[in-house]
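Here the structure comes first, spelled out in structure tokens, and everything after it is commentary.
The first residue in the sequence is number 1, and the count goes up from there. Both ligands and their constituent atoms are indexed starting at 1 by order of listing. Every heavy atom of this structure was used, including side-chain atoms; hydrogens, water molecules and symmetry mates were not.
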Amino acid sequence: MNNLRPALGIFGGTFDPVHYGHTQSVIVAAQQAGVQSVAMLPCHIPVHKNHTPSASQHRLAMLKLAIEQYPQLYIDEREIHSDTPSYTIHTLRALRKEYPKHPLCFFIGMDSLHSLLSWNEWQALFDYCHFVVCCRPGTKTPLSEELKALLAERQVTTNNALHNALHGKIFLADTPEMDISSSEIRRHIINNLPTDDMLDPKVRRYIQTHKLYQPSTTF
Ligand code: ATP
């Protein structure tokens, strides 16, 4: 027994657009990690991207449509309404003040684990949250020695370990490999290729209505 509150999940992304690789992965990973509710955290100005994202209002509207049938997902709009770049460490510091007794579980895909060591103040992130990592195809490249050392120090294999500490652990979830990315979807739309297996139909209709991802778009 501990005196901690229920863990809070956070899933950050550009969501340009949100797709099944986001929603299905985070739902399965949250179940495995024993996390009841996950805040989807769309960023305003992404730090890691080399494309200009669609307007925040569109990304937010699509995210709302994509999660409306999942009661365990909700949207935290703090980053998307900010006009400064979205650094995870800043958001985590704010969340920790609001939730001093809740373990914070930050969900990422395996590609993001590979790039974690390039995140701003990456070591300090572990003073604020755990990481729950979803499988992602195309990320089978061997882990760097530094990442291996990080996992040796921090990996846990039971969700109890996530709920008995406020922060500092890594949990590798066993989620279905979903070969979907937002950039691939943007390419499909521009080339008039089907996106049925990748996107919620409501999101697809929104993209059509608002004529998003048309030929002038930068990927
Ligand atoms: P882009 O293709 O524009 O780079 P993306 O599809 O990677 O976008 P993001 O919004 O950048 O989507 O991703 C947010 C988070 O979701 C990241 O942690 C990423 O690793 C994870 N993620 C994205 N797609 C998948 C997927 N298919 N399976 C598992 N995790 C995913």
Side-chain angles (χ1 to χ4, degrees), residues 9-33 35 38-56 58-67 70 73 75-77 79-80 85-89 91-92 104-120 122 125 129-141 143 147 170-191 193 195-200 203-204 207 212-213 217-219:
I10 306 138
F11 189 36
T14 315
F15 304 120
D16 191 17
V18 60
H19 53 69
Y20 290 142
H22 296 126
T23 49
Q24 303 314 303
S25 300
V26 75
I27 285 168
V28 175
Q31 216 167 20
Q32 292 175 6
V35 175
V38 180
M40 307 293 279
L41 182 75
C43 63
H44 174 51
I45 304 171
V47 188
H48 301 285
K49 297 279 176 181
N50 54 9
H51 78 275
T52 314
S54 305
S56 300
H58 290 313
R59 290 183 292 120
L60 189 56
M62 291 187 282
L63 195 51
K64 283 181 181 159
L65 292 171
I67 69 163
Y70 304 118
L73 304 181
I75 301 179
D76 183 324
E77 300 189 13
E79 285 193 355
I80 205 156
S86 301
Y87 285 105
T88 302
I89 188 71
T91 305
L92 286 172
L104 298 179
C105 291
F106 200 90
F107 288 73
I108 54 174
M110 184 51 90
D111 57 313
S112 299
L113 180 67
H114 278 271
S115 68
L116 185 67
L117 274 45
S118 68
W119 291 24
N120 196 38
W122 72 264
L125 297 171
C129 69
H130 303 305
F131 282 94
V132 176
V133 184
C134 306
C135 299
R136 189 166 189 187
T139 52
K140 291 271 187 275
T141 46
L143 294 171
L147 270 181
I170 301 175
F171 179 83
L172 301 184
D174 185 16
T175 57
E177 301 250 343
M178 308 200 62
D179 193 6
I180 308 174
S181 69
S182 300
S183 40
E184 187 66 8
I185 290 169
R186 297 193 297 272
R187 246 177 252 123
H188 273 234
I189 291 170
I190 221 161
N191 291 308
L193 296 169
T195 54
D196 306 51
D197 297 342
M198 305 173 172
L199 283 177
D200 185 291
V203 174
R204 195 165 41 255
I207 291 170
L212 302 184
Y213 313 123
T217 307
T218 317
F219 292 105

Margin query: Test of understanding: given a 4.0 Å heavy-atom threshold, classify the contact between His22 and ligand 1 as side chain, backbone, both, or neither.
Written below: side chain
Notebook entry, point to check: Out of Ser112, Pro42, Gly21, Cys135, whose heavy atom is nearest to atom 18 (O) of ligand 1?
Noted result: Ser112
Margin query: Using a 3.5 Å cut-off on N or O atoms only, is Pro137 in polar contact with ligand 1?
Written below: no
Next item on the list: Using a strict 4.0 Å cut-off to heavy atoms of Asp111, name the atoms of ligand 1 that fall inside it.
Entry: 19 (C), 20 (O)
Notebook entry, point to check: Got an N/O contact under 3.5 Å between Met178 and ligand 1?
Noted result: yes
Note to self: If the contact criterion is a heavy-atom separation under 4.0 Å, does Phe11 count as touching ligand 1?
What the structure shows: yes
Next item on the list: Determine yes or no for a side-chain-to-main-chain donor-acceptor pair under 3.5 angstrom, with Thr195 supplying the side chain and Met198 the backbone.
Entry: no
Checklist line | Side-chain H-bond candidate by donor/acceptor type, Ser56 with His44, under 3.5 Å | finding: yes
Check: Can you tell me if Arg187 uses its side chain to pair, donor with acceptor, with the backbone of Leu193 under 3.5 Å?
Finding: no
Check: If we ignore angles and hydrogens, is there a donor and acceptor under 3.5 Å between the side chains of Asp16 and Ser54?
Finding: yes
Checklist line | Numbering as shown, the atoms of ligand 1 that approach Gly13 to under 4.0 Å (heavy-atom distance) | finding: 10 (O), 14 (C)
Check: Hey, is Arg186 one of the residues with a heavy atom under 4.0 angstrom from ligand 1?
Finding: yes
Check: By number and element, which atoms of ligand 1 are closer than 4.0 Å to a non-hydrogen atom of Ser182?
Finding: 1 (P), 2 (O), 3 (O), 5 (P), 6 (O), 8 (O), 12 (O)
Check: Can you tell me if Arg136 uses its side chain to pair, donor with acceptor, with the backbone of Asp111 under 3.5 Å?
Finding: no
Item checked: Among His114, Glu177, Arg136, Arg187, closest by any non-hydrogen atom to atom 19 (C) of ligand 1 -> Arg136
Next item on the list: Please answer whether the main-chain N or O of Phe15 pairs with a side-chain N or O of Ser182 as donor and acceptor at a distance below 3.5 Å.
Entry: no
Check: Which atoms of ligand 1 have any heavy atom of Ser25 under 4.0 Å away?
Finding: 28 (N), 29 (C)
Checklist line | Atoms in ligand 1 with a heavy atom of Gly12 nearer than 4.0 Å | finding: 14 (C), 15 (C)
Notebook entry, point to check: Which of the numbered atoms in ligand 1 are below 4.0 angstrom from a heavy atom of Phe15?
Noted result: 10 (O)
Checklist line | Where ligand 1 meets Ser183 - atom numbers and elements under 4.0 angstrom, heavy-atom basis | finding: 1 (P), 2 (O), 3 (O)
Notebook entry, point to check: Quick check: does Asp16 get an N/O under 3.5 Å from an N/O on ligand 1?
Noted result: no
Notebook entry, point to check: Got Phe131 and Leu113 here, is their nearest side-chain heavy-atom distance under 4.5 Å?
Noted result: no
Item checked: His22 backbone acceptor or donor facing Ser25 side chain under 3.5 Å -> no
Next item on the list: Keeping the roles fixed (side chain from Arg186, backbone from Pro17), state whether a donor-acceptor pair exists under 3.5 Å.
Entry: no
Next item on the list: Look at ligand 1 and say whether Glu184 reaches it with a heavy atom at a distance under 4.0 Å.
Entry: no
Notebook entry, point to check: Numbering the atoms of ligand 1 from 1, which are under 4.0 Å from a heavy atom of Ile108?
Noted result: 18 (O)
